[in-house]
Number of protein chains: 2
Amino acid sequence: MNNNSIFIEKLRSSGLRPTKQRIEICKLLFDRKKTFHFTINDLFKTLKKMSSKKISLATIYNTIHSFKKKGYLKEISVNKDKSYFDTNTSDHHHFLDINTNELIDLKKEHVDKVTIKKNLPGKKINSIEVLVKIENSN
Amino acid sequence: MNNNSIFIEKLRSSGLRPTKQRIEICKLLFDRKKTFHFTINDLFKTLKKMSSKKISLATIYNTIHSFKKKGYLKEISVNKDKSYFDTNTSDHHHFLDINTNELIDLKKEHVDKVTIKKNLPGKKINSIEVLVKIENSN
DNA sequence: ACACTACTTTAGAATCATTATAAACTAATC
DNA sequence: GATTAGTTTATAATGATTCTAAAGTAGTGT
Ligand SMILES: [Mn+2]
Ligand SMILES: [Mn+2]
Ligand SMILES: [Zn+2]
Ligand SMILES: [Zn+2]
């Protein structure tokens, strides 16, 4: 009930009302040391286990979309049948394990800065991200 | 009717029967100077216009999936509501225009070789691809 | 040419993730 | 406490993809 106030403030200052559903989701997503990746379905199942009162699937979609719009989450598309959300909203690179579908952050120091030697007229670069697919060796 | 024989051979040698539907799709996809990106829906609409006899949507899905499995196409996921197929099956990088959703190949010389300075035990790298999101400047 | 078989195409049904709807609920403000 | 706008929810609708199973066709052998 105490460090909830941080989330309540965060939500209020973004123009989102601090409902108990949103606070619950905030705690699950942002009350951690490390950022992580999840699917809507992961989140739904976790909430069903962890949380006492049920949060409807529609609310989860609504909340995740508002959080994304506010910039608290980013969406990572790695293949058409799996869409992840990422609590690490900075530009960063990923390993994708194609055997397990696990998505793993690559640290900055593990990939040299990627520079693009071409620009299209009237366009500017928004982000540069590398996806490294990995698989079981041998 | 003459350079069809190339496709007929290609199909036969992959263990796919050269049906008129598959040949028609081959002509549309592979009888060009430049590789390109398309969605299933693009392809369906083009076939409806260009081709005299109608090819069913199920056949288009079937064919594209077999072609992908045989390595004649690759699938590019850029966001959850748009999945592209690419007739350029080599590892390569892309611009994605987030205003138009257009996907554009980046040439090798426009991106320095990306090296990954980290490896996970028991895993090897399958591919390394860069996605550069661009948007209207100003 | 004909028959046989395995593969392929097809219309339509089924699936499933996501989005829309609209009624009940709740947070904010006065 | 009343009012209002924003939110949640169950449920329905949507739409892309996959499934089904019947009809059609290519390959092979005779
Ligand atoms: Mn895929
Ligand atoms: Mn998206
Ligand atoms: Zn990440
Ligand atoms: Zn490409």
Side-chain angles (χ1 to χ4, degrees), chain A residues 1 4-5 7-28 38-48 51-70 72-73 75-85 101, chain B residues 1 4-5 7-28 38-48 51-70 72-73 75-85 101:
Chain A
M1 281 293 144
N4 281 7
S5 49
F7 297 129
I8 293 178
E9 246 335 284
K10 192 177 175 178
L11 289 167
R12 273 223 189 80
S13 70
S14 329
L16 297 172
R17 289 185 181 174
T19 64
K20 51 179 177 319
Q21 291 88 343
R22 283 172 178 162
I23 292 164
E24 199 65 24
I25 293 173
C26 276
K27 285 197 294 190
L28 232 152
F38 65 93
T39 65
I40 294 279
N41 201 47
D42 294 341
L43 183 56
F44 185 55
K45 283 191 293 189
T46 307
L47 282 167
K48 203 153 33 182
S51 188
S52 39
K53 325 116 190 62
K54 179 199 171 193
I55 299 181
S56 84
L57 186 55
T59 299
I60 295 173
Y61 275 101
N62 290 341
T63 302
I64 294 309
H65 286 147
S66 339
F67 286 5
K68 183 186 170 190
K69 192 173 297 176
K70 295 296 180 187
Y72 303 145
L73 291 174
E75 199 172 358
I76 315 276
S77 291
V78 292
N79 73 47
K80 94 171 138 299
D81 30 45
K82 201 109 190 176
S83 177
Y84 292 95
F85 290 88
N101 259 338
Chain B
M1 280 294 146
N4 281 6
S5 49
F7 297 129
I8 293 179
E9 247 334 287
K10 192 177 176 179
L11 288 167
R12 273 223 190 79
S13 70
S14 331
L16 298 173
R17 290 186 180 172
T19 64
K20 52 180 174 321
Q21 292 85 344
R22 283 171 178 164
I23 293 165
E24 198 65 24
I25 293 173
C26 276
K27 285 197 293 188
L28 231 151
F38 64 94
T39 65
I40 294 279
N41 200 48
D42 293 342
L43 184 56
F44 185 53
K45 282 190 293 186
T46 307
L47 282 166
K48 204 154 30 179
S51 187
S52 39
K53 325 116 190 58
K54 180 199 172 192
I55 300 182
S56 83
L57 187 54
T59 298
I60 294 173
Y61 274 101
N62 291 340
T63 303
I64 293 309
H65 286 148
S66 341
F67 286 4
K68 183 188 170 187
K69 192 174 297 174
K70 294 297 179 187
Y72 304 143
L73 290 173
E75 198 172 358
I76 315 276
S77 292
V78 292
N79 73 49
K80 94 170 140 300
D81 30 44
K82 201 107 191 179
S83 177
Y84 291 94
F85 290 89
N101 259 339

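Order of the sequence lines sets the chain letters (A, B, ...), proteins ahead of strands, with each chain counted from 1.
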Chemist: Any side-chain to backbone donor/acceptor pair from B:Ser77 onto A:Lys80? Under 3.5 Å, distance only.
Modeler: yes
Chemist: Are a donor atom and an acceptor atom from the side chains of A:Tyr72 and A:Ser14 found within less than 3.5 Å of each other?
Modeler: yes
Chemist: Mind checking whether B:Tyr84 and B:Val78 have side chains closer than 4.5 Å, heavy atoms only?
Modeler: yes
Chemist: With a cut-off of less than 4.0 Å, is there a side-chain N or O of B:Arg22 near OP1 or OP2 of D:dA26?
Modeler: no
Chemist: Taking all non-hydrogen atoms of both residues into account, name the closest pair between B:Pro18 and B:Ile23 and its distance.
Modeler: O-CD1, 3.6 Å
Chemist: Within this structure, what is the CG-to-P distance between A:Leu43 and C:dT18, rounded to whole angstrom?
Modeler: 12 Å
Chemist: Whole-Å distance between C:dA17 C1' and A:Glu75 CD?
Modeler: 12 Å
Chemist: Is the phosphate of D:dG27, meaning OP1 or OP2, less than 4.0 Å from a side-chain N or O of B:Arg17?
Modeler: no
Chemist: Are B:Ser83 and B:Glu75 linked by a side-chain donor-acceptor pair shorter than 3.5 Å?
Modeler: yes
Chemist: Among C:dA28, D:dT7, D:dT9, find the nucleotide with the atom closest to the side chain of A:Thr19.
Modeler: D:dT7
Chemist: By a strict heavy-atom criterion of less than 4.0 Å, which residues belonging to residues 55-62 of chain B are in contact with DNA chain C?
Modeler: B:Ile55, B:Ser56, B:Ala58, B:Thr59, B:Asn62
Chemist: Using whole Å, report how far CG of B:Leu16 lies from C1' of D:dG27.
Modeler: 14 Å
Chemist: Once you round it to whole Å, what is the distance between P of C:dA17 and CD1 of A:Ile64?
Modeler: 17 Å
Chemist: Less than 4.0 angstrom between a side-chain N/O of B:His65 and OP1 or OP2 of D:dT18, yes or no?
Modeler: yes
Chemist: Just by distance, do the side chain of A:Ser51 and the backbone of A:Lys48 share a donor-acceptor pair under 3.5 Å?
Modeler: no
Chemist: With heavy atoms under 4.0 Å as the rule, sort B:Lys54 into base, sugar-phosphate or nothing.
Modeler: sugar-phosphate
Chemist: Quick one about B:Thr63 and B:Ser66 (side-chain donor to acceptor, distance below 3.5 Å, no hydrogens or angles considered), yes or no?
Modeler: no
Chemist: For B:Asp42, which residues count as a side-chain contact (heavy atoms from CB on, under 4.5 Å) partner, sequence neighbours excluded?
Modeler: B:Phe38, B:Thr39
Chemist: Distance from B:Ile25 atom CD1 to B:Thr46 atom OG1, nearest 0.5 Å?
Modeler: 11.0 Å
Chemist: Return the value, rounded to whole Å, for the distance between atom CZ of B:Phe44 and atom P of D:dG15.
Modeler: 15 Å
Chemist: Hey, does the side chain of A:Gln21 come within less than 4.0 Å of C:dT26's phosphate (OP1/OP2), counting only N and O?
Modeler: no
Chemist: Rounded to whole Å, how long is the line connecting atom NZ of A:Lys70 with atom C1' of D:dG6?
Modeler: 13 Å
Chemist: Considering only nitrogen or oxygen atoms on both sides, find all protein atoms under 3.5 Å from nucleotides 22-24 of chain C and state each distance.
Modeler:
none

Chemist: Rounded to whole angstroms, how far apart are CG on A:Leu11 and P on C:dT26?
Modeler: 18 Å
Chemist: Just the rounded figure in Å: distance from C1' of D:dT8 to CD1 of A:Ile25.
Modeler: 11 Å
